[in-house]
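Everything on this sheet refers to the single structure shown next.
Throughout, a chain's letter reflects where its sequence line sits, starting with A, and its residues are numbered from 1.
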Protein chains: 2
Amino acid sequence: MPTYTPPTRDMQFLLHEVMKASETGVPGYEEMDRDFTAAVLEEAGKVSSEVLAPLNVVGDTQGCRLENGVVRTPEGFDRAFAAMKEGGWTALDCDPEYGGQGLPYLLNSAVGEMFVSANMAFNMYQGLTHGAYSAIHAHGTAEQKATYLPKLVSCDWTGTMNLTEPHCGTDLGLMRTRAEPQEDGSYLITGQKIFISAGEHDLAENIIHLVLAKAPGGGAGTKGISLFIVPKFLVNPDGSLGDRNAVTCGKIEEKMGIHGNSTCVMNYDGAKGWLLGDLHKGMRAMFTMMNEARLGVGLQGYAQAAVAYENAVAYAKDRLQGRAVTGAENPDGPADPLIVHPDIRRNLMDQKSFVEGARALTFWGAHLIDRSHRMDDAEAEGLVSLLTPVLKGFLTDKGFEMAVAAQQVYGGHGYIEEWGMSQFARDARIAMIYEGANGIQALDLVGRKLAQDGGKHVMGFFDLVKGFARENADNPALEGFIEPLKKGSKDLQAAAMYFMQNGMKNPNHALAGSYDFMHLFGHVCLGLMWARMAKAAQEALDAGQGDADFYKAKIATGRYYMARHMPATGAHLARIESGADTVMALAANDF
Amino acid sequence: MPTYTPPTRDMQFLLHEVMKASETGVPGYEEMDRDFTAAVLEEAGKVSSEVLAPLNVVGDTQGCRLENGVVRTPEGFDRAFAAMKEGGWTALDCDPEYGGQGLPYLLNSAVGEMFVSANMAFNMYQGLTHGAYSAIHAHGTAEQKATYLPKLVSCDWTGTMNLTEPHCGTDLGLMRTRAEPQEDGSYLITGQKIFISAGEHDLAENIIHLVLAKAPGGGAGTKGISLFIVPKFLVNPDGSLGDRNAVTCGKIEEKMGIHGNSTCVMNYDGAKGWLLGDLHKGMRAMFTMMNEARLGVGLQGYAQAAVAYENAVAYAKDRLQGRAVTGAENPDGPADPLIVHPDIRRNLMDQKSFVEGARALTFWGAHLIDRSHRMDDAEAEGLVSLLTPVLKGFLTDKGFEMAVAAQQVYGGHGYIEEWGMSQFARDARIAMIYEGANGIQALDLVGRKLAQDGGKHVMGFFDLVKGFARENADNPALEGFIEPLKKGSKDLQAAAMYFMQNGMKNPNHALAGSYDFMHLFGHVCLGLMWARMAKAAQEALDAGQGDADFYKAKIATGRYYMARHMPATGAHLARIESGADTVMALAANDF
């Protein structure tokens with residue numbers, strides 16, 4: 001069975017040596033010194049490896065069961081959920097006014113990676129709750145906040161997001177769920193929602209559903225959509241639970257993975273709901289949480305790759321098979337460990353250089369969110385808005401790819417469920433789909449984000465890369481970093497230029513290249529992250545502060561990424577510059 | 001639930017217009033005229049879509065069960081197996097002397113693709129039997145052939161291959177299974193084998209296990225290994241079944257996919273076996289079947305992508321979501337079908353251009369095998385030996401990738417088992433692992449095949465590409481084909497040159513680039529296939545023989561591959577030329 005060892009050292013390196021978080025002046029960051037973050041990360045790591053990880057396979061094997069309208073979660077999930085609540089892990093970055101600890105989103109993301117690596121399906125129960133918390137916190141009335149937030153912060157109640165219907169996923173304008181206004185100001189919600197994660201379960205006293213529905217007078221398409229709070233049990237004025245609401249779980253889906261999370265068909269049969277935010281502005285209310293939600297899914301992608309990588313390394317060191325081509329390295333044993341073989345290393349280095357680069361990128365994204373929330377930094381907000389589809393799309397695509405690569409290290413055992421590597425791949429697969437399938441992320445990036453505010457944010461990104469390259473042009477430690485980064489950035493600019501010049505005439509020329517652009521952008525981001533990490537590692541080496549092997553390995557891993565992954569940018573650019581003609585050439589019937 | 005429509009038209013195009021099979025002079029090909037192959041393919045297609053495909057999800061859902069030593073296959077597998085036998089589908093390319101039909105391997109491959117697309121797990125029962133048939137046919141005594149071959153050809157008995165043990169997969173030198181010679185000339189086999197596909201089941205009267213084991217006096221490592229025939233039930237001199245042999249199924253593995261096939265732990269407790277081929281030459285006996293077996297696995301890879309693609313197209317035409325950016329294409333409906341969106345097309349074109357190119361490559365490989373078997377064409381044998389790791393490694397990697405891409409078209413529904421797209425991806429995943437994990441294929445390619453016979457075969461391949469490019473340099477129909485093909489071939493040559501120049505000094509420089517080389521080679525092969533197909537399609541168009549849409553779509557799909565996939569060769573070359581230093585830089589403990 002796989003194990004989980006939290007990457008605390010690596011996270012500390014990012015927080016304190018690469019980002020120098022506590023020196024950035026972001027309100028709340030000043031208390032994030034080494035000792036404090038070490039204590040939090042170590043404690044979270046302990047919960048992850050000791051409480052959550054052992055339940056990962058259990059959740060996968062048992063799944064969730066619907067029995068007489070009640071959903072039973074896998075054995076042990078209840079105890080683990082209680083432990084998470086008791087440890088305050090559900091409230092880390094929540095508003096202290098409602099019982100939260102008010103810690104930065106950055107630290108919450110680091111802790112979140114550990115929880116997701118240890119048990120992705122389990123962590124979704126609180127992840128969705130956090131989403132509902134954020135929505136009510138941003139758009140709720142004082143009364144709604146007082147009623148729901150403390151319970152969501154403590155996870156005594158959990159939350160859900162209800163968007164998708166059988167005939168509409170991406171295109172929410174096709175929505176059929178209706179909200180009928182009542183005289184008391186409430187609404188009666190009627191319709192069916194599907195793919196509702198944690199829609200029904202036995203881990204909490206109450207479940208607060210946030211439901212998109214059409215109320216009268218809103219017009220056609222997405223404009224007519226509003227957001228409603230629909231509790232499973234109505235809440236009495238004194239906060240106690242009242243009647244059961246007319247919302248029920250009709251079915252649990254059989255999925256490829258994340259079996260430990262209940263994915264429900266939810267039936268709303270005139271369920272009582274209350275408007276959250278403005279009438280007919282439901283889409284806007286949803287979108288205010290989109291960046292965080294998508295960052296969280298990007299994190300899921302690389303977090304699965306992270307734990308899969310860790311286990312692949314352990315297996316590669318342990319499993320004896322064949323001899324090193326350059327001479328036996330374990331001459332007294334019957335064979336050498338897998339890790340001596342160049343192609344196994346190529347595979348492990350692909351994984352390692354991705355995971356660590358992705359972690360750096362996600363931490364940066366979380367930092368930008370903190371800047372935008374805690375200091376109203378519009379530039380940071382614009383930048384993270386631009387990067388969000390890259391983080392979601394690129395990190396989940398690559399995260400899945402790398403989980404599959406880790407599985408491959410196990411040979412035949414990788415295909416056997418007992419060894420756990422299949423689960424990492426199967427679980428990671430969903431992250432490419434939900435919270436906006438990755439094709440939609442690419443569309444969002446090229447169709448919306450690129451030109452946002454007159455292209456200011458993407459220009460800002462290019463300036464940032466150029467600035468870094470210029471400042472470090474003569475840094476001998478960054479030889480092998482700066483040139484590939486500049487080349488990647490140049491390719492990215494050329495692609496953006498191609499879209500500008502050709503997308504006007506025919507938007508298909510831009511959209512046919514959107515997916516490649518998202519990946520090209522991802523590589524440049526990871527290239528920048530590696531250059532930053534290498535610089536910090538070299539500074540630590542120069543300062544002679546010990547732990548030299550760690551820093552040298554960091555630089556070597558970065559060099560690998562630059563040499564072996566940055567060349568992908570040229571191929572993506574060539575695909576983009578081939579335009580839409582070959583993509584759109586066929587009539588639908590010729591497929 | 002997914003459906004399956006056999007690609008008969010496409011196969012006919014390859015056989016008669018691209019390959020012009022019946023004119024090649026290969027013995028046995030002369031009867032493969034259009035009408036004959038159409039009849040065979042249509043009949044096989046009917047069995048595939050009507051008998052096998054409906055059992056695909058059943059097999060996945062029910063899996064195999066071990067009950068008191070007996071393995072129960074999924075409901076309906078027995079009837080389908082009987083239908084396959086009755087239709088003569090198990091005997092297509094087998095020797096007529098033993099009841100086979102003696103048809104070319106090429107036609108058998110075309111039919112095989114259909115069976116695998118329709119139901120991969122089911123088809124493995126006969127696929128493994130075919131492997132056992134080939135081994136006994138090549139290495140058996142006259143008596144062994146007479147005893148086993150007719151029953152294997154008819155699939156009254158099925159076969160297995162027993163190589164792997166818990167502690168040894170790739171490195172068979174570590175094998176522990178022993179063969180003790182008996183006075184009657186037989187051996188007693190003792191040991192445990194794992195991952196034995198179709199090791200035990202209820203579809204046949206008897207199961208003929210081919211087992212690798214160490215007999216005394218063979219020396220250490222793989223040199224001491226011999227191959228044995230170990231029947232589940234001993235066979236009396238009159239051909240009737242005798243005693244139950246001491247071979248039993250200890251466990252069925254829970255796998256990521258191919259649930260319909262029983263993957264068994266097989267325990268040999270002094271089971272009676274008979275030497276097949278020469279003593280201590282078991283590895284050589286296995287390797288004579290390797291090309292075919294690996295070609296068959298490559299076929300599994302793209303066959304899963306083929307059926308997944310077909311269903312993705314159907315869904316993309318059916319599912320209404322969003323509007324075309326260039327204006328509504330289904331103005332009377334609530335939304336446009338998915339297929340109008342450029343990124344959906346990009347995805348579908350990736351799949352289509354891969355599947356059709358892979359089919360052409362596999363047919364070519366099968367044709368080369370026919371040439372080597374039926375006319376002792378040493379050049380063809382050398383070429384297919386070179387191409388085998390590419391076919392196995394590249395087609396299964398990409399086949400899985402494309403099955404995942406097809407799943408993505410379904411959005412959330414792709415993750416729900418009920419829709420069947422997850423199964424295609426899960427089933428396809430195994431093909432990257434078994435019959436030599438793809439890293440081993442890359443090692444075989446670069447470490448063995450490239451330099452085989454003084455590099456004659458790879459030079460032959462380059463000459464073939466160059467010859468085609470030269471002959472068609474002025475063909476206006478091939479504009480957009482020849483240049484990318486030449487560029488790809490040049491990159492491939494540069495990579496081979498890099499290995500030659502640097503691999504001598506340090507073999508790691510070659511092996512660290514082996515995986516990229518395999519993919520680079522794959523792209524050049526598919527580029528060549530597309531150039532050939534485009535040429536044939538243009539000739540058909542010029543001849544004005546009708547079906548113009550088919551031929552135009554063929555050329556357009558080829559153009560897509562050349563424009564959008566051939567640029568990958570440059571990135572692979574850059575990775576290769578970065579050498580082994582970054583790959584091997586870390587100490588094992590730094591991972």
Side-chain angles (χ1 to χ4, degrees), chain A residues 164 169-171 174 195 253-256 313 317 321-322 325-326 334-335 339 342-343 345-346 348-349 352 408 411-412 414-418 422 430 433 437 439 442-443 507-508 511-512 514-515 549 553 556 559-560 563-564 567-568 570-571 574-575 578 580 582-586 588 590-591, chain B residues 164 169-171 174 195 253-256 313 317 321-322 325-326 334-335 339 342-343 345-346 348-349 352 411-412 414-418 422 430 433-434 437 439 442-443 507-508 511-512 514-515 549 553 556 559-560 563-564 567-568 570-571 574-575 578 580 582-586 588 590-591:
Chain A
T164 307
T170 298
D171 189 352
L174 302 173
F195 304 159
E253 306 282 4
E254 297 291 334
K255 310 183 297 291
M256 186 178 184
V313 168
K317 287 182 187 172
Q321 210 79 178
V325 68
T326 46
I339 203 164
D343 187 62
R345 278 184 176 255
R346 185 267 318 156
L348 293 175
M349 290 298 290
K352 180 175 169 67
Q408 188 74 10
Y415 201 65
I416 309 297
E417 292 296 351
E418 193 184 335
S422 160
I430 188 58
I433 299 174
L443 178 65
N508 286 341
L511 300 184
S514 58
Y515 212 90
D549 286 347
R559 252 181 232 297
Y560 180 89
R564 292 232 160 198
R575 280 173 65 99
S578 75
T582 64
V583 177
M584 307 301 287
L586 299 192
D590 289 331
F591 279 91
Chain B
T164 307
T170 297
D171 189 352
L174 302 174
F195 303 159
E253 306 281 4
E254 296 291 334
K255 309 181 300 290
M256 185 179 186
V313 168
K317 286 181 186 173
Q321 208 80 178
V325 66
T326 47
I339 202 166
D343 187 62
R345 279 186 174 254
R346 186 267 319 156
L348 293 176
M349 289 299 289
K352 180 177 169 65
Y415 202 66
I416 308 297
E417 293 295 351
E418 193 184 336
S422 160
I430 188 57
I433 299 174
Y434 62 18
L443 178 65
N508 286 342
L511 299 184
S514 58
Y515 212 90
D549 286 348
R559 251 180 233 297
Y560 180 89
R564 292 230 162 200
R575 280 172 64 99
S578 76
T582 63
V583 177
M584 308 301 287
L586 299 193
D590 289 332
F591 278 91

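By the ring pair (Phe, Tyr, Trp, His ring centres under 6.0 Å) test, A/F195 pairs with B/H413, sequence neighbours left out. Applying the side-chain contact (heavy atoms from CB on, under 4.5 Å) rule to A/D171 yields the partners A/L174, B/Q321, B/A335; only residues at least two apart in sequence or on another chain are considered.
Using a 3.5 Å distance cut-off with no hydrogens or angles, the side chains of A/R559 and B/T582 do not pair a donor with an acceptor.
For the set A/F591, A/Y415, A/Y515, the entry with the most heavy-atom pairs within less than 4.5 Å of chain B is A/Y415. Counting heavy-atom pairs closer than 4.5 Å to chain A, the top residue among B/A442, B/A512, B/A437 is B/A512. With chain B as partner, the option from A/M349, A/E417, A/K352 having the largest number of non-hydrogen pairs under 4.5 angstrom is A/E417. Counting heavy-atom pairs closer than 4.5 Å to chain A, the top residue among B/D549, B/N508, B/V313 is B/N508. Contacts with chain B were tallied for A/G414, A/A556, A/P507, A/A585; A/P507 has the most, counting heavy-atom pairs under 4.5 Å.
Remark: B/Y560 OH to A/M584 CE distance equals 11.5 Å, nearest 0.5 Å.
Contact annotation for A/I339: only side-chain heavy atoms (C-beta onward) come within less than 4.5 Å of a heavy atom of chain B. Residue B/L586 touches chain A through both its backbone and its side chain, counting heavy-atom pairs closer than 4.5 Å. For a residue to count as touching a neighbouring chain, one of its non-hydrogen atoms must lie under 4.5 Å from one of that chain's; by this rule B/K255 touches chain A with backbone and side chain alike. Heavy-atom distances place the side chain of B/S514, and not its backbone, under 4.5 Å from chain A. Of the atoms belonging to B/A568, it is backbone heavy atoms, and not side-chain ones, that fall under 4.5 Å from chain A.
Taking 4.5 Å as the limit, every side-chain heavy atom of A/L443 sits out of range of all side-chain heavy atoms of B/D343.
Using modelled atom types, no side-chain atom of A/R345 and backbone atom of B/A580 make a donor-acceptor pair closer than 3.5 Å.
Of all heavy-atom pairs between A/R564 and B/R575, the closest is O-NH1, 2.8 Å. For the pair A/A588 and B/K317, the tightest heavy-atom approach, listed with the atom from each and the gap, is O-CE, 3.0 Å. Closest heavy-atom contact between B/I433 and A/G411: CG2-C, 3.4 Å.
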